[in-house]
Amino acid sequence: MPEAAPPRLRFAPSPTGYLHVGGARTALFNWLLARRTGGKFLLRIEDTDRARSTDDSTRAIFEGLRWLGLDWDEEVVFQGANLARHREDAERLLANGKAYRCFCTPDELDARRAEAKADKSAFKYDRRCDVLGADEVERRVAAGTPFVLRFRVPEGETAWDDIVHDRIAFPNRDIEDFVILRSDGTPIYNHAVVSDDIAMGITLVMRGDDHISNTPKQVLLYEALGAALPRFAHLPMIHGTDGKKLSKRHGATAVGDYQHLGILPEAMVNFLALLGWSPGGEFEEVMTLEELVTAFSTEKLLRKAAVFDPKKLEWMNGQHLSRIPLAELEPRVTPLLVAAGLATAEELASRRDWYFHLLDLLRVRSRLLDDIVRQAGPYFRDAIEYEPEAVAKQWKEPATVEPLLAATRETLAALGPWEPPAMEAALRALAEAKGVGGGKIFQPLRVALTGLGVSPGIFDVMVALGRERTLARITQAEARLQAMAQAGA
Ligand code: GLU
């Protein structure tokens, strides 16, 4: 058997809001498979719902995909530009007897629906227009009576081999003769999608589980239009940590929101990739986009709903913050430091080596870009703020801490080279001479230098601050501790 050609895939969002994380996940999976197999990833904007579609939303979709690093092949298809073909395809179905005109008005249908509800029976179109004689149909058309086109669902069963769910089958008796073209000549969703997917040569349709109920209708349309059926893969839904379908109640659901929260696109795609797919034991969970391309395969798609856990996303972000090249991290952090008033871009550029070293230190304990900014304060400001919890814990006995800090300052002032091994040797010797453990010197010193209870390694902190600022800051802390000791006495 000849090897199957690489698939042509598409992402087909409706531009009626922002790019939702669920949509982004669908886009990502299609993109990954296209890049993995040498296939094509196409983008179709489903803008036929004129009232709800907006240019802003289309723009947000483009921006969101670009931010994630998902580029598309070929020109973007706008569904609304294909109305003539949608109509022609529908008329072809009418001409070859696969569809028929239905003159029932919306009011009549509503009344029948209400009757069915009162009888507690399921409403299904009763085909009354399918049995009209040809003369009668002609008379109504000539009289200008509005009509829709309905697809005539044949008897039997409609089934496909889903890549995720294996065989899915629907008895055709459960599918009513659905409308394909409205009375104004515009297509109904299922018809437009099939007409476009055929025209675009799509061979694999991968989308959310919520479309499973549409798929039998689409399969019937492919068959009626004489087109080859694509393969289908229906991806599991995304739930919040409470097990309910992900919605705004769970917090940010727009990809753009995460961008503004300081999430890196590398982390976002990695996190999204694990919603409904698992790379298998041989791979690590933290992966770059290139690694995801290598690892991606449809065999590892999962069936059960995926859980969107923002804590995991933050953790993932921390992992990527620590791994991306510093040259890529720098342009993302610099504007934030400038906006926080900590430095100007020129100052940072003039101390590039020092700045890169600092970034490298700070990113280790950061999950979000904002964490880097928060920790950066002590290295830029002269005055520092002491975190109350750090003070309460490490400066509990000011009268004991203050003389130790004074001795620390003297030791550091007398130190030869301003380098970690020399600092460590001198301060450990001091601890020994004072008969205390190293922690009694290093922990209060950390608070003195950064105001924080957590920081990079204390020697790295001193190198980043420089000798002068380190000593000045200890002096400042001594004054504070003296005041605390007096107030306490
Ligand atoms: N436009 C549809 C949506 O936003 C998707 C169509 C499809 O993937 O077939 O849900």
Side-chain angles (χ1 to χ4, degrees), residues 7-34 39-62 64-65 70 72 74 76-83 85-86 89 151 158 160 162-165 168 170 178 180 186-222 225 227-238 245-247 253-255 272 275-276 298 301:
R8 286 174 65 83
L9 300 129
R10 71 353 181 237
F11 173 49
S14 307
T16 53
Y18 44 78
L19 177 62
H20 184 270
V21 289
R25 191 274 310 256
T26 298
L28 172 64
F29 282 25
N30 278 284
W31 183 91
L32 285 172
L33 188 58
K40 296 279 184 225
F41 171 66
L42 312 187
L43 180 57
R44 180 171 74 232
I45 302 294
E46 304 217 313
D47 57 349
T48 40
D49 185 344
R50 294 259 177 243
R52 294 178 59 224
S53 301
T54 67
D55 289 346
D56 276 353
S57 170
T58 300
R59 224 169 291 127
I61 292 167
F62 291 161
L65 292 176
L70 309 181
W72 51 90
E74 305 182 6
V76 177
V77 172
F78 288 88
Q79 187 160 63
N82 297 329
L83 288 178
R85 173 172 32 72
H86 301 149
D89 280 344
F151 183 79
T158 301
W160 69 95
D162 198 274
I163 290 175
V164 181
H165 299 270
I168 300 185
F170 286 82
F178 54 95
I180 53 175
T186 59
I188 290 288
Y189 161 76
N190 282 310
H191 177 67
V193 164
V194 172
S195 176
D196 285 351
D197 281 339
I198 294 172
M200 291 164 74
I202 299 302
T203 59
L204 202 167
V205 171
M206 179 150 50
R207 58 188 172 196
D209 260 359
D210 49 341
H211 282 289
I212 286 184
S213 59
N214 288 317
T215 306
K217 294 178 184 169
Q218 297 186 7
V219 168
L220 288 168
L221 284 170
Y222 275 97
L225 287 165
L229 209 60
R231 286 186 294 151
F232 290 95
H234 287 94
L235 304 170
M237 289 288 95
I238 302 176
K245 193 168 178 253
L246 192 68
S247 74
T253 52
V255 168
L272 290 174
L275 295 178
T298 51
L301 290 172

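Basis for what follows: all heavy atoms, side chains included, without hydrogens, waters or symmetry-related copies. Counting convention: from 1, in listed order, for ligands and their atoms alike. Model, not experiment: these values are computed from the prediction. All residue numbers refer to positions in the sequence shown, counting from 1.
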Between Phe178 and His191, does the side-chain contact (heavy atoms from CB on, under 4.5 Å) criterion hold? Intermediate values first, please.
CA-CA 10 Å; Phe178 54 95; His191 177 67; over 6 Å; no
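Heavy atoms of Arg10 found under 4.0 angstrom from ligand 1 belong exclusively to the side chain.
A pairwise comparison of heavy atoms in Ile198 and Leu225 identifies CD1-CD1, 3.9 Å as the closest pair.
No side-chain donor from either of Tyr189 and Thr48 sits under 3.5 Å from a side-chain acceptor of the other.
Residue Arg207 has at least one heavy-atom neighbour below 4.0 Å for each of these atoms of ligand 1: 7 (C), 8 (O), 9 (O). Those atoms of ligand 1 with a heavy atom of Glu46 less than 4.0 angstrom away are 1 (N), 2 (C), 5 (C), 6 (C).
At least one N or O atom of Tyr189, backbone or side chain, sits closer than 3.5 Å to an N or O atom of ligand 1. At least one N or O atom of Ala12 sits closer than 3.5 Å to an N or O atom of ligand 1.
Pro15 is listed as a side-chain neighbour of Ile61, based on a closest heavy-atom distance under 4.5 Å.
Nearest protein neighbour of atom 10 (O) of ligand 1, counting heavy atoms only, is His211 NE2, 3.0 Å. Looking only at protein heavy atoms, the nearest one to atom 4 (O) of ligand 1 is Ser14 OG, 3.2 Å.
Phe232 and Tyr222 have perpendicular rings, their planes meeting at more than 60° on a 0 to 90° scale where under 30° would count as parallel.
In this structure, Gln218 falls outside the shell of residues with a heavy atom less than 4.0 angstrom from ligand 1.
Considering Arg85, Arg8, Arg44, Arg231 as possible partners of Asp197, the one that fulfils the salt bridge (Lys or Arg N to Asp or Glu O under 4.0 Å) test is Arg44.
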